[in-house]
Participant: 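Here it is, the structure in full.
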Amino acid sequence: MPSSSVNNDVNERQLFIASAGKYENVRITKNVLVLGVAFMVHFTAFHGMANLQSSVNSDGALGAYTLAAIYGSLIISNIFLPVTVIRWIGCKWTIAVSFLFYIPFIAAQFYPRFYTLVPAGLAVGFGGGPLWCAKCTYLTVISEAFTAISNGQIKLEVIIVRFFGLFFIFYQLAQVWGNLLSSTVLSSGIGDTDGLSANITIDLGNVSKNVDQLCGARFCPNALESSGEVGNLHRPDLFKIQLLSGIFIVLMLCATILVSLFADTLKRYEMGRKGSGSGLSGIKLLAVTFKQLLQKKQILLLPITMFIGAEQAFMAVGFTASFVGCGWGISRIGYVMIFFGLSNVIAAAFTGAVAKITGRLPIMVAITVLHGAIIIWMRVWVAVEDDYLTYGAMAALWGLVDGTWLIQVNSYYGVLFPGREEAAFSNFRFFEAIGSVSIYVLNPMLCTSTILTILLTLMIVGMIGYSMVEYIERKEERSNNFELEGSER
């Protein structure tokens with residue numbers, strides 16, 4: 001980098017520090033809270049509806065294919081849109097506008113057909129790429145600003161993990177509120193008829209003897225369709241689904257208003273900083289994202305990034321349908337997934353503090369062992385109808401490791417690729433989406449036992465790649481320290 005450019009960056013940084021008010025750190029923290037609350041409100045609606053798709057819209061695997069459309073378009077979105085959109089309208093307005101792209105998915109639940117749900121799912125994906133990249137870039141930039149006003153007393157890596165952790169506390173609460181809302185509405189007496197209730201009671205009596213053969217890891221969608229048996233997967237009343245959809249649309253609009261009115265733009269905190277897309281236009285902006293893929297460390301992190309998307313997709317369409325929906329009933333899915341959300345919150349709240357004490361690598365090894373044990377447990381467990389304690393324990397443990405994966409890998413991207421956040425986080429979401437869409441497409445075709453085996457294999461490969469990145473980083477750090485000591489002598 002030319003010396004004049006470096007001097008300008010230093011001057012901008014000094015000007016920001018000098019102009020920062022007494023409570024600038026509070027203002028920065030306020031922005032993290034606004035972002036977290038807005039995402040919590042927005043994804044209360046999205047997760048609440050998405051977790052029901054493979055069960056509520058199970059005919060012809062419409063729900064699973066809708067989710068596949070979401071993450072398929074997210075792949076395209078992450079290639080072409082984030083750097084360009086963020087450069088055009090900035091991170092704040094990218095987030096606010098992207099929220100609106102999720103609303104058609106909820107509205108389509110009023111008339112769930114292939115030609116309504118799949119296009120709406122595509123819209124979600126196109127909004128999701130810029131949304132998540134803007135969020136990650138926003139948090140990284142204000143972390144840098146927070147570090148600057150602390151005069152280097154707090155390391156950037158610590159602040160990034162802290163802010164990502166604070167954000168994910170709110171984000172993961174969306175699982176709690178969304179599932180609580182969905183189960184409360186779907187299990188209520190609103191819209192029920194005596195005839196419908198009687199039919200459901202009879203159906204449950206007929207299939208309860210076969211839960212151990214039909215559900216859990218033994219769940220095979222193709223076999224169920226051919227045999228005509230559905231376990232406890234009975235679609236709730238249409239009026240309840242429409243009522244839930246109306247509530248969720250209002251929540252999404254509230255989230256958009258919250259970001260628009262109360263979040264600061266990043267112009268205040270850039271300090272002369274040049275992002276990965278700065279000063280470029282057209283095809284050159286697209287090249288930035290692809291160029292990032294040539295980085296050795298980026299390539300090695302791709303399998304673990306794909307695994308994060310795959311394990312989240314399994315919880316959305318695999319666990320909810322094959323374990324909870326089949327074994328206990330669709331209206332109970334939300335209640336079980338509340339445990340998943342609460343564990344996500346606990347992971348978000350404590351993983352940053354634990355990482356500060358132990359470092360990142362021990363945490364990653366620990367959750368690899370724990371997650372592997374959970375997958376093996378699910379693989380060998382024989383399903384029991386109404387065994388809500390087991391369903392809740394599985395969801396809680398999975399939520400704990402999922403929340404830790406998200407924070408540790410997200411924050412690691414911010415640490416590894418400073419100044420290239422837009423491209424790096426675009427690739428993160430791109431390959432996370434590849435992992436997700438793979439499971440959404442495979443889930444209607446394969447038995448749950450096979451899906452679990454795929455997840456376990458991908459996690460092991462991912463951890464090998466991640467460990468290699470840690471080794472390279474430590475080797476480079478030792479080399480830099482040796483050169484520094486040599487120059488001082």
Participant: Could you walk me through whether Glu470 and Tyr466 pass the side-chain hydrogen bond (donor to acceptor under 3.5 Å, both in side chains) check?
Facilitator: CA-CA 6 Å; Glu470 286 280 7; Tyr466 162 79; 2.4 Å; yes
Participant: Which heavy atom in Pro112 sits nearest to a heavy atom in Leu117, and how many Å separate them?
Facilitator: CB-CD1, 3.8 Å
Participant: Could you check whether any side-chain heavy atom of Trp328 comes within less than 4.5 Å of a side-chain heavy atom of Val211, counting everything from C-beta outward?
Facilitator: no
Participant: Heavy atoms only: give me the nearest Met463-Ile304 pair and the separation to one decimal.
Facilitator: N-CD1, 4.0 Å
Participant: Would you say Met445 and Thr450 make side-chain contact, with heavy atoms under 4.5 Å?
Facilitator: no
Participant: Just verifying a value: how many Å separate Thr44 OG1 and Met252 CE, rounded to the nearest 0.5 Å?
Facilitator: 9.5 Å
Participant: Please confirm whether the backbone N or O of Met49 pairs with a side-chain atom of Gln53, one donor and one acceptor, at under 3.5 Å?
Facilitator: yes
Participant: So among Phe319, Phe340, Trp381, Phe323, which one has a ring pair (Phe, Tyr, Trp, His ring centres under 6.0 Å) with Tyr391?
Facilitator: Trp381
Participant: Determine, using ring centers only, whether Phe39 and Phe170 are less than 6.0 Å apart.
Facilitator: no
Participant: Step by step, would you call Glu473 with Tyr412 a side-chain contact (heavy atoms from CB on, under 4.5 Å)?
Facilitator: CA-CA 11 Å; Glu473 277 285 291; Tyr412 199 34; 3.6 Å; yes
Participant: Any side-chain to backbone donor/acceptor pair from Ser182 onto Asn179? Under 3.5 Å, distance only.
Facilitator: yes
Participant: Taking the side chain as C-beta and beyond, is there a heavy-atom pair between Asn427 and Leu301 under 4.5 Å?
Facilitator: no
Participant: Please say which of Leu370, Thr453, Leu452, Ile454 ends up in a side-chain contact (heavy atoms from CB on, under 4.5 Å) with Ile375.
Facilitator: Leu452
Participant: Evaluate the side-chain proximity of Thr66 to Asn57: yes if any heavy-atom separation is below 4.5 Å, no if none is.
Facilitator: no
Participant: Main chain of Val354, side chain of Thr358: is a donor-acceptor contact present, judged purely on distance under 3.5 Å?
Facilitator: yes
Participant: Under a 3.5 Å distance rule, please check whether Ser183 uses its side chain to pair with a backbone N or O of Leu180 as donor and acceptor.
Facilitator: no
Participant: Tell me the closest heavy-atom pair linking Leu400 and Ser343, and the distance in Å.
Facilitator: N-CB, 3.4 Å
Participant: On the 0 to 90° scale, with breaks at 30° and 60°, tag the Tyr71-Tyr440 ring pair as parallel, tilted or perpendicular.
Facilitator: tilted
Participant: With sequence neighbours left out, what residues match Phe430 under ring-ring contact (aromatic ring centres under 6.0 Å, His included)?
Facilitator: none
Participant: How are the rings of Phe428 and Tyr413 set to each other: parallel, tilted or perpendicular (split at 30° and 60°)?
Facilitator: perpendicular
Participant: If you measure from CG on Leu300 to CE on Met468, what distance do you get to the nearest 0.5 Å?
Facilitator: 5.0 Å
Participant: Tell me which one of Tyr102, Trp177, Phe248 satisfies ring pair (Phe, Tyr, Trp, His ring centres under 6.0 Å) with His42.
Facilitator: Tyr102
Participant: Just wondering, are more than 12 heavy atoms of other shown residues or ligands nearer than 6.0 Å to CZ in Phe110?
Facilitator: yes
Participant: What I'd like to find out is whether the side chain of Leu302 reaches to under 4.5 Å of the side chain of Leu293, using heavy atoms alone.
Facilitator: yes
Participant: Give me the atom names and distance for the closest heavy-atom approach of Ile241 to Val56.
Facilitator: CD1-CG1, 3.4 Å
Participant: Looking only at heavy atoms, what is the nearest atom pair of Gly372 and Leu456, with distance?
Facilitator: CA-CD1, 3.9 Å
Participant: Hey, could you give me the CZ/CZ distance between Phe105 and Phe46, rounded to the nearest 0.5 Å?
Facilitator: 5.5 Å
Participant: Does atom CZ of Phe163 have more than 12 heavy-atom neighbours, drawn from other residues, nucleotides or ligands, at distances under 6.0 Å?
Facilitator: yes
Participant: Any side-chain heavy atom of Tyr388 within less than 4.5 Å of one from Val336?
Facilitator: no
Participant: Are the side chain of Ser245 and the backbone of Gln109 linked by a donor-acceptor contact shorter than 3.5 Å?
Facilitator: no
Participant: Side chains of Tyr335 and Ser187: does their closest heavy-atom pair fall under 4.5 Å?
Facilitator: yes
Participant: What is the distance from atom CZ of Phe307 to atom OG1 of Thr457, rounded to the nearest 0.5 Å?
Facilitator: 10.5 Å
Participant: Asn410 versus Lys135: any side-chain heavy-atom pair under 4.5 Å?
Facilitator: yes
Participant: State the CD1-CG distance between Ile451 and Leu446, to the nearest 0.5 angstrom.
Facilitator: 4.5 Å
Participant: Stepwise, does the side-chain contact (heavy atoms from CB on, under 4.5 Å) test hold for Val259 with Trp93?
Facilitator: CA-CA 8 Å; Val259 171; Trp93 293 110; over 6 Å; no
Participant: May I ask you to decide if Leu186's main-chain N or O and Lys240's side chain share a donor-acceptor pair within less than 3.5 Å?
Facilitator: yes
Participant: Does any N or O in the side chain of Thr448 come within less than 3.5 Å of the main-chain N or O of Ala217, such that one atom is a donor and the other an acceptor?
Facilitator: no
Participant: Please list, chain by chain and in numerical order, all residues satisfying ring-ring contact (aromatic ring centres under 6.0 Å, His included) with Tyr171, sequence neighbours excluded.
Facilitator: Phe43, His47, Trp132, Phe168
Participant: Step by step, work out the side-chain contact (heavy atoms from CB on, under 4.5 Å) result for Leu406 and Glu432.
Facilitator: CA-CA 11 Å; Leu406 268 176; Glu432 184 186 39; 4.0 Å; yes
Participant: Considering residues, nucleotides and ligands other than Phe350, do more than 12 of their heavy atoms fall under 6.0 Å from its CZ?
Facilitator: no
Participant: Report the distance from atom CG of Leu214 to atom OG of Ser322, rounding to the nearest 0.5 Å.
Facilitator: 11.5 Å
Participant: With side-chain contact (heavy atoms from CB on, under 4.5 Å) as the criterion, how do Trp377 and Thr390 come out once you've worked through the C-alpha distance, each side chain's angles and the decisive distance to 0.1 Å?
Facilitator: CA-CA 11 Å; Trp377 177 29; Thr390 300; 3.9 Å; yes
Participant: Return the minimal non-hydrogen interatomic distance between Gly318 and Asn443, and the atom names on each side.
Facilitator: CA-OD1, 3.6 Å
Participant: Enumerate the side chain to side chain donor-acceptor pair (under 3.5 Å) contacts for residues 392-404, please, sequence neighbours excluded, ordered by first and then second residue.
Facilitator: Glu311-Trp398, Gln312-Asp402, Asn344-Asp402
